[in-house]
Amino acid sequence: MLKELKIFNTIIEPGKSYKLNFNMAKLYTSTSIEVPVIINRSKKAGPIVLVTGGIHGDEINGIEVVRQLISKKINRPVSGTIIAIPVLNVFGFLSGKREFPDGRDLNRVFPGTKSGALASRFAYQVSSEILPHVDIILDFHTGGAQRFNVPHIRVSQLEVNSWNLAKVFNAPFLMHGNNIKKTFRATCSDLGKTYLLFEGGMSNRNDKEVVDTAVNGAIRVLDHLKMLRSDVYVERRNEESIIVTDSMWIRAKYSGLLHPKVKTGKRVERDEIIAIITDPYGELKYKVKSPHMGYVINVNQSPLVYQGDGIFHISKHGE
Ligand SMILES: [Zn+2]
């Protein structure tokens with residue numbers, strides 16, 4: 001006998017697909033905001049996997065990843081259940097913003113409260129209606145505006161199940177990072193769930209390479225969990241993820257026009273020239289050098305920088 005699964009007062013039957021809605025708030029115009037939750041349950045028992053995008057409304061890559069998983073029917077498992085929420089923060093998605101309309105970051109109000117501010121109420125619904133059923137969460141993010149992140153999984157090395165599953169996901173980079181309080185990730189961790197945070201590219205952009213990397217990682221995870229349909233192609237990478245446990249930001253010594261010379265993902269050597277900062281008058285030409293050997297995990301793509309702005313995030317490998 002399969003266990004009963006009930007979400008938003010709907011019994012999720014084996015072998016069936018559902019599109020449920022969080023129907024929890026309205027716009028000023030009285031228009032209801034619907035947040036679709038797409039659930040596919042196999043007849044065969046197995047893990048319950050939640051895939052989420054758009055917890056930050058402007059992180060389009062993550063939304064596109066979940067969209068592709070649905071559109072390519074990868075979310076129809078041969079065992080277990082897949083719950084897909086492509087856009088958690090529909091409000092922010094509509095307005096092209098990271099935050100909820102109340103100005104709050106949905107990813108800093110978890111697990112939320114029943115009668116708190118709008119974002120907090122929403123977080124509460126996710127935490128109380130969905131998360132208790134789930135075994136594994138794949139949460140897709142991007143870097144910030146103008147800051148292009150190399151595709152990576154960020155989890156804590158101390159969370160062994162998550163760390164091991166991150167190796168199966170096999171993004172180009174695997175970064176150790178401690179939990180930040182009140183994040184979705186911290187709540188998942190407190191509940192003892194296996195949780196992978198993917199981050200790649202930057203906000204308000206749809207980057208094909210980043211999306212492909214994430215979709216292929218999700219496919220490898222579902223294959224590993226024996227949930228993947230046999231007709232879905234599993235792309236194997238020849239290399240293991242490069243593990244990053246320490247890193248530092250390189251900051252601009254001068255204000256000016258920034259000309260980066262290296263791309264994300266590239267290995268740089270100590271004293272290698274990684275950018276030039278110039279002024280508009282043809283006088284300043286400052287060479288930015290890497291202080292150590294490492295991999296470029298984030299590049300600031302803004303054409304202009306102020307003194308002190310972070311321009312590169314480079315890994316450290318215990319030299
Ligand atoms: Zn994010």
Side-chain angles (χ1 to χ4, degrees), residues 22 35 50-69 84-112 118-120 122-123 125-127 130-131 136-156 159 162 166 169 171-189 193 195-207 209-215 217-218 244 247 249 264 297-302 310 313:
F22 276 97
V35 179
L50 171 65
V51 289
T52 53
I55 198 167
H56 294 127
D58 60 354
E59 297 186 355
I60 312 301
N61 280 333
I63 295 165
E64 172 63 12
V65 171
V66 183
R67 184 199 72 78
Q68 286 199 17
L69 294 175
I85 311 178
V87 195
L88 264 170
N89 178 3
V90 167
F91 297 96
F93 183 55
L94 284 171
S95 56
K97 290 203 174 106
R98 176 182 173 89
E99 295 87 8
F100 249 55
D102 61 4
R104 285 180 171 83
D105 184 336
L106 177 59
N107 207 21
R108 295 291 183 277
V109 296
F110 270 86
L118 187 60
S120 177
F122 187 84
Q125 292 283 318
V126 177
S127 308
I130 297 177
L131 280 186
I136 294 160
I137 299 105
L138 307 179
D139 185 25
F140 296 95
H141 289 253
T142 74
Q146 309 285 10
R147 301 262 160 91
F148 194 98
N149 251 322
V150 77
H152 68 274
I153 293 283
R154 198 183 311 154
V155 290
S156 165
E159 293 180 27
S162 301
F169 190 100
F173 288 82
L174 170 53
M175 293 189 208
H176 164 74
N178 290 320
N179 273 325
I180 301 171
K181 271 187 186 158
K182 293 195 149 195
T183 55
F184 183 41
R185 175 182 159 194
T187 292
C188 293
S189 164
K193 312 288 181 187
Y195 170 93
L196 300 188
L197 186 148
F198 173 90
E199 195 169 302
M202 52 201 237
S203 60
N204 278 313
R205 267 232 327 242
N206 195 346
D207 187 283
E209 217 180 298
V210 170
V211 171
D212 287 350
T213 301
V215 169
V244 178
S247 58
W249 277 94
T264 46
I297 50 189
N298 189 296
V299 176
N300 187 341
Q301 303 213 335
S302 168
H313 193 192

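Just follow the structure's listing: the first ligand is 1, and inside any ligand the first atom is 1.
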*Any sub-3.5 Å donor-acceptor pair from Asp139's side-chain atoms to Tyr195's backbone N or O?*
no

*Taking salt bridge (Lys or Arg N to Asp or Glu O under 4.0 Å) as the test, write out the residues that go with Asp58, two or more places apart.*
none

_Tell me whether Thr264 contacts the main-chain N or O of Val150 through its side chain, where contact means a donor paired with an acceptor under 3.5 Å._
no

*Mind listing the protein N/O/S atoms less than 2.8 Å away from the Zn ion (ligand 1)? Waters don't count.*
His56 ND1, Glu59 OE1, Glu59 OE2, His141 ND1

*Can you name the residues that form a side chain to side chain donor-acceptor pair (under 3.5 Å) with Ser120, not counting sequence neighbours?*
Thr113

*Do Asp105 side-chain atoms and Arg98 backbone N/O form a donor-acceptor pair below 3.5 Å?*
no

*asked:* My understanding is that only residues two or more places apart in sequence, or in another chain, count here; which of them pass side chain to side chain donor-acceptor pair (under 3.5 Å) with Asn206?
replied: none

